[in-house]
Amino acid sequence: MTVSSAPGKVYLFGEHAVVYGEPAVPCAIERRATVSVEQRDDDRLRVHAEDLSLDGFTVEYSSDADATPDVDASESLVRAGVGYVDAAVSQAREVADAPDAGFDITIESAIPLGAGLGSSAAVTVAGIDAATRELGVELPATELADRAYRAELAVQDGEASRADTFCSATGGAVRVEGDDCRAIEAPDLPIVVGFDGGAGDTGELVAGVRALREEYDFAADTVESIGDVVRRGEDVLAVGDLEELGRLMSFNHGLLEALGVSSRSLDNMVWAARDAGALGAKLTGAGGGGCIVALDPTDETKTALQFTPGCEEAFRAELDTEGVRAEGP
Ligand code: PMV
């Protein structure tokens with residue numbers, strides 16, 4: 001059996017504006033998805049997922065077109081878990097030139113699903129790494145990132161950014177501008193995440209910003225202003241000024257709010273973090289629901305979030321400088 005893990009991520013800056021060519025800075029966090037893979041002696045796949053949602057599930061199927069998954073879980077849950085695993089397995093079969101390889105796969109994830117923390121990218125990256133190593137091939141992190149990006153493209157109908165998969169494969173803080181992804185210097189960051197238990201619809205939120213930007217000059221200016229905040233944020237990260245970094249993250253949240261992608265629960269959590277003395281706080285990812293990211297070296301923000309209506313879970317998650325990692329042979 002071969003086991004790999006890969007981290008989730010938060011956006012320190014730049015979501016949504018990155019769609020229009022502005023830079024963005026995602027950063028890997030110490031919350032991981034772990035994928036265990038054991039090759040079978042037939043061509044079937046058996047996937048067991050834990051923690052992807054409240055109830056785990058197991059599904060076994062072959063690649064025959066008429067085979068139906070034997071599963072007792074909702075269809076969307078199965079699609080969410082299995083789509084990415086399937087795409088990861090296809091990549092591994094291609095890399096190792098083993099088109100008929102079958103596997104028993106177990107996924108354990110500590111990353112809330114669909115909440116802006118890159119859970120699907122982490123499962124895809126760890127899945128490709130474990131399955132290729134199980135077949136005797138080691139991929140460098142950049143090729144892994146590229147293959148994971150292609151796997152996400154296949155599952156998400158051609159709509160995926162390179163940010164999540166690159167960040168999960170390489171770890172640390174990353175600068176993304178178009179197809180250009182690179183590692184950037186960052187200090188230890190006292191990250192606190194608040195999760196409202198929900199998720200936004202990324203496609204709908206991106207379309208909403210696009211429409212607003214076409215109708216109002218202020219919205220186009222707001223997208224450019226986010227780009228300015230990101231460029232300043234990069235410089236501030238390099239010198240490690242956490243107070244200024246927090247201030248810029250809070251500006252970024254205000255600009256995202258103006259673009260209509262926040263929500264009452266996200267705003268509640270951002271205000272709770274501010275009141276608790278966080279250096280800064282903002283939503284992370286597409287918005288509409290899901291997670292906020294705050295910076296606070298003390299326990300105050302985490303404690304305040306735990307008592308904030310609408311916050312289902314609050315946890316500390318430092319920046320993870322390690323990307324994909326072999327956990328077993
Ligand atoms: O919610 P996430 O982690 O999928 O992030 C979406 C980020 C957007 O900028 C809103 C969209 C994108 O593809 O970059």
Side-chain angles (χ1 to χ4, degrees), residues 6-29 31 33 52 80 83-84 87 109 111-125 145 148-169 173-181 191 193-213 219 222-227 229-230 233 249 252-253 255-263 265-266 269 282-293 317 320:
K9 64 103 207 358
V10 292
Y11 273 96
L12 292 178
F13 302 108
E15 54 274 86
H16 284 287
V18 71
V19 173
Y20 306 100
E22 301 292 348
V25 179
C27 139
I29 57 169
R31 274 256 162 162
L52 270 178
Y84 293 100
S109 176
I111 309 166
L113 190 65
L117 296 187
S119 59
S120 54
V123 167
T124 307
V125 167
Y149 166 65
R150 282 191 260 157
E152 284 213 329
L153 270 185
V155 183
Q156 295 167 198
D157 294 329
E159 288 279 343
S161 106
R162 288 184 179 271
D164 287 24
T165 38
F166 187 85
C167 196
S168 186
V174 165
R175 180 188 201 277
V176 184
E177 190 170 358
D179 277 345
D180 181 48
C181 301
I191 294 169
V193 174
F195 174 40
D196 71 4
D201 181 327
T202 303
E204 222 168 76
L205 290 152
V206 169
V209 171
R210 188 177 297 283
L212 206 65
R213 195 171 160 271
T222 302
V223 166
E224 279 181 34
S225 299
I226 291 176
V229 170
V230 179
M249 286 169 63
N252 195 160
H253 181 76
L255 295 167
L256 287 165
E257 237 250 283
L259 292 175
V261 298
S262 192
S263 70
S265 57
L266 293 173
M269 292 191 287
K282 65 182 278 293
L283 68 84
T284 170
C291 291
I292 66 143
V293 53
D320 196 341

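Every number for a ligand or one of its atoms is a count from 1 in the order of the listing.
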How many angstroms lie between atom CZ of R31 and atom CD1 of I111, to the nearest 0.5 angstrom?
-> 8.5 Å
Quick note on ligand 1: atoms under 4.0 Å from a heavy atom of S161 include exactly 13 (O), 14 (O)
Which ligand 1 atoms are under 4.0 Å away from a heavy-atom of E15?
-> 9 (O)
Would you call R162 and E177 a salt bridge, taking side-chain N to carboxylate O under 4.0 Å as the test?
-> no
CZ on R213 to CG on L259, rounded to 0.5 Å = 10.0 Å
Using heavy-atom distances, let me know which of G116, A17, G285 sits nearest atom 5 (O) of ligand 1.
-> G285
Numbering the atoms of ligand 1 from 1, which are under 4.0 Å from a heavy atom of K9?
-> 3 (O)
Charged N to carboxylate O below 4.0 Å: is that the case for E152 and R150?
-> no
Going by the atom numbers of ligand 1, which of them fall below 4.0 Å from some non-hydrogen atom of D164?
-> 3 (O)
Hey, does E224 have a side-chain heavy atom less than 4.5 Å from the side chain of Y20?
-> no
For ligand 1, which atoms, with element, lie under 4.0 Å from some heavy atom of V18?
-> 9 (O), 14 (O)
Measure the distance from atom 4 (O) of ligand 1 to every protein heavy atom, then report the residue, atom name and distance (to 0.1 Å) of the closest one.
-> T202 OG1, 4.1 Å
Report yes if some heavy atom in the side chain of V209 is under 4.5 Å from a heavy atom in the side chain of L205; otherwise report no.
-> no
Nearest-0.5 Å distance that lies between atom NE2 in H16 and atom CG in L255 = 12.5 Å
What protein heavy atom sits nearest atom 12 (C) of ligand 1, and how far away is it?
-> V19 CG2, 4.0 Å
Say whether H16, considering both its backbone and side-chain N or O atoms, lies within less than 3.5 Å of an N or O atom on ligand 1.
-> yes
When you measure from atom 6 (C) of ligand 1 to every protein heavy atom, which one gives the shortest distance, and what is it?
-> A286 N, 3.7 Å
